[in-house]
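Source: prediction; values computed, not measured. To find a chain, count down the sequence lines: A is the first, B the second, and so on, and within it residues start at 1.
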There are 2 protein chains.
Amino acid sequence: MSDATVEKWGVFEASFDGPSGGNPYLDVAFDAVFTHKSREVRVPGFYDGNGTYRIRFMPDSEGEWSFLTRSRTAALDGKTGALTATVPSAGNHGPVRVRNKFHFAYADGTPFLSFGTTCYAWTHQPLEMQKQTLETLKKARFNKMRMGVFPKDYPYNVNEPLHACFERGADGKEDFDRPNPASFQHFEKQVAALCQLGIEADIIIFHPYDRWGYADMSAEQDFRYVEYLAARLAAYRNVWWSLANEYDFLIDTKPMEQWDRYFHILEENDPYQHLRSIHNGDVTANFDHRKPWVTHTCIQNPDVKRTQEWRDAYGKPVVNDEPEYEGDILQSWGNLNAQELVHRFWITMARGGYAGHGETYSHPEDLIWWAKGGELRGEAWKRIAFLRDLLEADVKHGLEPLGIIGEWPWSRVSGARDGDGDFRLIYFGEHQPVIWSTGLPVDGDDYDVDLIDTWEMTITPVEKVAAPVPHPTRHGSVVRGGKPDAAFGVKIPRKPYQALRVRRKR
Amino acid sequence: MSDATVEKWGVFEASFDGPSGGNPYLDVAFDAVFTHKSREVRVPGFYDGNGTYRIRFMPDSEGEWSFLTRSRTAALDGKTGALTATVPSAGNHGPVRVRNKFHFAYADGTPFLSFGTTCYAWTHQPLEMQKQTLETLKKARFNKMRMGVFPKDYPYNVNEPLHACFERGADGKEDFDRPNPASFQHFEKQVAALCQLGIEADIIIFHPYDRWGYADMSAEQDFRYVEYLAARLAAYRNVWWSLANEYDFLIDTKPMEQWDRYFHILEENDPYQHLRSIHNGDVTANFDHRKPWVTHTCIQNPDVKRTQEWRDAYGKPVVNDEPEYEGDILQSWGNLNAQELVHRFWITMARGGYAGHGETYSHPEDLIWWAKGGELRGEAWKRIAFLRDLLEADVKHGLEPLGIIGEWPWSRVSGARDGDGDFRLIYFGEHQPVIWSTGLPVDGDDYDVDLIDTWEMTITPVEKVAAPVPHPTRHGSVVRGGKPDAAFGVKIPRKPYQALRVRRKR
């Protein structure tokens with residue numbers, strides 16, 4: 001028995017010496033079976049260069065675990081070891097899972113309300129800038145980071161990465177059959193750094209913005225690369241798998257069956273079944289997120305009032321990672337004014353989805369947060385932090401839309417409740433009623449109602465009034481209205497970007 | 001020959017004495033054939049009470065016209081007369097027609113860019129208020145008014161109309177087989193008053209907001225009523241027929257075939273074939289505007305970025321009469337902030353459609369423009385006037401979208417050109433690029449470009465710069481970019497609601 005200890009949902013690692021000749025990446029396979037009482041968990045291993053092979057394991061139960069390696073390579077076969085998984089430290093809530101159909105929670109039951117941002121290639125920037133990115137993330141309140149494994153070739157992204165992802169052959173070209181351990185070691189170090197900050201790493205496996213050939217690897221090379229990522233990274237509890245950014249821009253070289261196969265490889269090699277999704281480019285090209293191997297819906301779409309439609313279409317949590325970005329660059333997915341991005345966050349959340357942040361202000365040296373990280377220069381991130389704090393104080397189950405699709409008035413304003421309705425959020429956005437009642441509780445006025453100015457970030461108790469009684473309307477043979485639709489109404493100032501927070505008195 | 005003269009597109013009227021006993025509305029039919037050279041035009045007549053029958057005719061050619069009446073009622077048969085149609089006076093451009101597939105023009109060829117507003121029941125308010133409405137319209141710059149024939153029963157609309165639309169029987173109930181001449185005489189007087197102001201009357205024939213029984217007349221009564229409207233009103237050149245407001249809220253009592261029949265009755269009885277359309281309630285219930293008897297698409301829909309989609313779906317001009325209203329009432333179709341309504345006007349116009357205005361600010365006596373007219377209290381109408389003046393200065397053919405549906409970047413920003421592109425309009429709205437080139441001319445920089453602040457209503461020449469050359473992007477096998485997409489770029493301030501006006505130097 002070993003005296004190794006690791007906290008529950010921490011990373012246990014064991015390394016072994018093995019062959020370094022030939023191409024271990026192609027020639028050597030090994031895994032380990034971890035055992036806790038009668039339970040067995042298969043964990044794939046990987047080659048980390050210089051004759052070193054590693055197994056990484058994330059125990060999800062406290063107590064004694066032992067393992068036994070398996071390989072046709074004698075040096076890696078039949079190795080044994082043990083560890084004790086201890087109580088998780090403060091801030092370690094385990095990996096995030098889907099809960100309540102449309103929402104997420106950490107493994108320990110803590111709700112996870114996704115407030116993501118995007119720095120596609122931050123791990124490929126100069127180290128000083130990566131440090132700055134982590135410093136910025138400490139003060140921002142994002143809890144998810146979309147980031148690519150591969151570097152990025154794109155407008156404002158022309159610098160070379162820190163590391164080639166694959167080793168160079170004698171011809172100077174990268175050999176896609178030989179991962180460069182230095183590159184992946186660095187990548188996982190930053191995944192771990194995010195974990196320390198309580199930030200989920202939404203790892204983008206493929207993307208089309210490429211001049212190195214990574215987007216054009218063969219299917220077999222892709223499959224091995226996905227398997228390799230699973231073996232290296234799955235033990236980090238903050239990993240989410242994003243199969244691609246804008247997969248539809250790669251569909252000419254990676255047909256649809258291949259995308260399904262990537263998902264299956266993760267299912268086969270990620271012992272913890274981290275969250276898996278895939279992100280479209282064109283708004284008409286959403287992946288079929290109903291497929292059982294997709295855990296949640298990832299999209300980019302500026303038309304955030306459709307959030308409920310996507311919930312219904314796929315029956316899974318909706319993460320709209322790109323409702324366009326705050327910025328001022330030429331590309332119109334990246335020149336949204338800050339108020340509009342905050343507006344889109346509120347609409348998305350108040351319709352039962354999750355939005356993502358990105359920032360694309362032009363910069364003389366092209367140091368733009370959305371791809372490189374560094375510093376935040378905009379205004380939306382502070383308001384998104386405010387929204388996160390506001391919701392985390394109350395939301396336990398996940399926000400559910402107050403109306404069904406098309407139902408009055410929820411196609412125009414946005415409203416949601418948590419659980420049985422002891423917490424409600426109504427967001428008016430571009431609407432400015434001076435009296436409101438629809439969606440407020442019908443079971444009495446035993447509620448506190450606060451006015452939220454989503455831009456000014458203020459929370460103020462509202463004045464309650466009698467619920468208005470509109471003159472009835474006749475629509476065909478149906479007579480509607482003529483009675484109040486809630487137990488009380490509230491007064492609201494006549495300006496945009498206001499919201500209501502309704503909480504049952506405790 | 002008569003010495004009657006009437007200007008081309010003016011109203012010629014002839015009256016005849018006939019039977020007043022029984023029910024002339026049901027029992028007596030008569031029409032006239034108007035003849036100009038070899039051309040014959042059939043014009044239906046109508047009963048106007050007190051034994052008086054009238055024929056109204058709008059000559060559309062200058063010169064001599066004669067007529068001959070036809071009826072099985074002897075007193076109305078074989079009557080003859082004549083008129084001379086003279087040159088139209090200044091401001092008389094004739095009726096509005098569809099031109100260039102997606103646009104409108106007056107009969108004399110003057111482009112008609114629709115800038116409508118809505119006062120559903122203004123002709124049913126106290127006379128002093130109707131006078132005020134006309135005064136307000138003199139200073140506003142709207143050129144179309146949506147208005148119902150029938151009064152309105154709805155929230156904020158509980159007062160009795162000036163006139164019952166039908167005569168009351170001995171039981172005090174209105175008899176839907178006896179139109180009240182006083183009511184229709186007043187209505188047409190106000191149609192004529194709008195005509196004097198250069199405003200098209202978009203006449204709503206049916207609507208569901210009713211406590212008088214008008215929405216529940218029998219099919220036969222409906223058919224006669226539509227025929228009656230055509231006979232009374234078609235000679236006013238500013239008439240547009242809107243079969244219904246929110247027809248889908250009446251579909252339980254008026255099935256779809258009936259709506260088609262109303263259209264056919266207008267085709268059969270309106271000699272001038274005024275514009276005909278019909279307006280939905282629910283955003284999922286657009287009428288099938290492809291039907292050949294529908295001249296243009298009328299909808300209500302807040303999702304104005306879909307304008308091009310509706311153009312494509314129906315192949316006709318798109319008039320989005322209700323992209324929600326500026327106001328602050330409880331109902332969320334009527335509490336939009338002013339900037340958002342102006343924003344939706346710009347988006348709609350810069351995507352090749354036409355938007356409509358309404359104003360719904362709560363008022364202690366419920367005097368709200370949208371239904372009753374009176375005074376405008378908001379901020380949008382001034383900006384809409386500014387937009388109208390700006391476009392009328394240059395648009396000759398009608399604005400056509402710069403991109404096809406989904407094409408980069410026109411799903412996000414809005415852009416359109418007039419004719420061959422000597423005039424272009426690009427509207428950024430919630431987007432705020434500091435440099436822009438997409439959609440600007442590719443054939444040299446022989447253009448004046450002005451920055452429009454759509455809210456501040458300022459027009460300022462922009463600074464031209466070299467067109468930006470973005471780093472190429474690879475999407476699958478397609479490499480895009482790497483060269484400028486226009487002959488020049490322009491600098492834009494970083495704020496929302498900006499637009500560009502591009503005009504070839506003259």
Side-chain angles (χ1 to χ4, degrees), chain A residues 153-158 208-211 215 246 249-253 281-284 302-303 305 324 327-333 335-337 339-340 343 362 406 408-409 411-413 428 430-438 468 470-478 481 489 494-496, chain B residues 153-158 208-211 215 246 249-253 281-284 302-303 305 324 327-333 335-337 339-340 343 362 406 408-409 411-413 428 430-438 468 470-478 481 489 494-496:
Chain A
D153 178 66
Y154 202 71
Y156 320 105
N157 287 266
V158 297
Y209 333 112
D210 177 65
R211 68 170 178 265
E246 304 191 324
F249 296 156
L250 282 166
I251 204 79
D252 56 338
T253 53
D282 194 283
V283 293
T284 63
D303 200 1
K305 285 193 178 170
E324 301 181 325
D328 66 5
I329 59 173
L330 183 64
Q331 291 79 5
S332 293
W333 43 258
N335 54 35
L336 213 54
N337 83 78
Q339 283 180 306
E340 180 71 18
H343 178 58
S362 50
W408 178 262
S411 61
R412 303 180 194 262
V413 299
F428 298 106
E430 71 277 27
H431 293 273
Q432 51 177 20
V434 289
I435 298 280
W436 188 259
S437 58
T438 314
H471 185 66
T473 62
R474 180 196 177 286
H475 281 165
S477 60
V478 183
R494 194 167 84 188
K495 54 182 179 177
Chain B
D153 177 65
Y154 202 72
Y156 320 105
N157 288 267
V158 297
Y209 332 112
D210 177 65
R211 68 170 177 265
E246 303 191 326
F249 296 156
L250 283 166
I251 204 80
D252 55 339
T253 53
D282 194 283
V283 293
T284 63
D303 200 2
K305 285 194 177 169
E324 302 181 325
D328 65 5
I329 58 173
L330 183 65
Q331 290 79 4
S332 293
W333 44 259
N335 54 34
L336 212 54
N337 82 77
Q339 283 181 307
E340 180 71 18
H343 176 59
S362 50
W408 180 260
S411 60
R412 303 180 194 262
V413 299
F428 298 106
E430 72 277 28
H431 294 272
Q432 51 176 20
V434 289
I435 299 279
W436 188 260
S437 58
T438 315
H471 184 67
T473 61
R474 179 194 178 287
H475 282 165
S477 60
V478 183
R494 194 167 84 190
K495 54 182 178 175

Pairs of heavy atoms under 4.5 Å with chain B: top-ranked of A:G406, A:G327, A:G489
A:G327
Top of A:Q339, A:E246, A:E324, A:K495 for chain B proximity - count of heavy-atom pairs under 4.5 angstrom:
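Of the options given, most contacts go to A:E324.
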Quick one: of B:K305, B:H343, B:Q331, B:R211, who has the most non-hydrogen atom pairs under 4.5 Å with chain A?
B:Q331
Hey, which of B:D153, B:I435, B:I329 has the most heavy atom pairs under 4.5 Å with chain A?
B:D153
Closest heavy-atom pair and its distance - [X], [Y]:
X	Y	value
A:V434	B:S362	CG2-OG, 3.8 Å
A:P155	B:T473	CD-CG2, 3.2 Å
B:V413	A:S332	CG1-OG, 3.6 Å
A:P470	B:L330	CG-CD2, 4.2 Å

Roughly how far apart are B:H471 NE2 and A:Y156 OH, rounded to 0.5 Å?
12.0 Å
Considering residues at least two apart in sequence or located in another chain, which fulfil the salt bridge (Lys or Arg N to Asp or Glu O under 4.0 Å) criterion with B:D303?
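Per chain and number, B:D303 pairs via salt bridge (Lys or Arg N to Asp or Glu O under 4.0 Å) with no residue.
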A:E340: what forms a salt bridge (Lys or Arg N to Asp or Glu O under 4.0 Å) with it, not counting sequence neighbours?
A:R344
Checking B:W333 against chain A: side chain, backbone, both or neither under 4.5 Å from a heavy atom?
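For B:W333, the contact with chain A is made by backbone and side chain together.
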Interchain contact, B:S411 with chain A, by part (heavy-atom threshold 4.5 Å):
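It is neither, since no heavy atom gets under 4.5 Å.
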Polar side-chain atom of B:D328 near backbone of A:Q432 as donor-acceptor pair, under 3.5 Å:
no
Is the closest side-chain heavy-atom distance between A:W436 and B:N335 below 4.5 Å?
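The answer is yes, as the side chains (C-beta and beyond) meet within the 4.5 Å cut-off.
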Which atoms of A:T284 approach chain B - backbone, side chain, both or neither, heavy atom under 4.5 Å
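A:T284 has no heavy atom closer than 4.5 Å to chain B.
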Given side-chain contact (heavy atoms from CB on, under 4.5 Å), test B:L336 with A:H431 step by step and report yes or no.
CA-CA 4 Å; B:L336 212 54; A:H431 293 273; 3.8 Å; yes
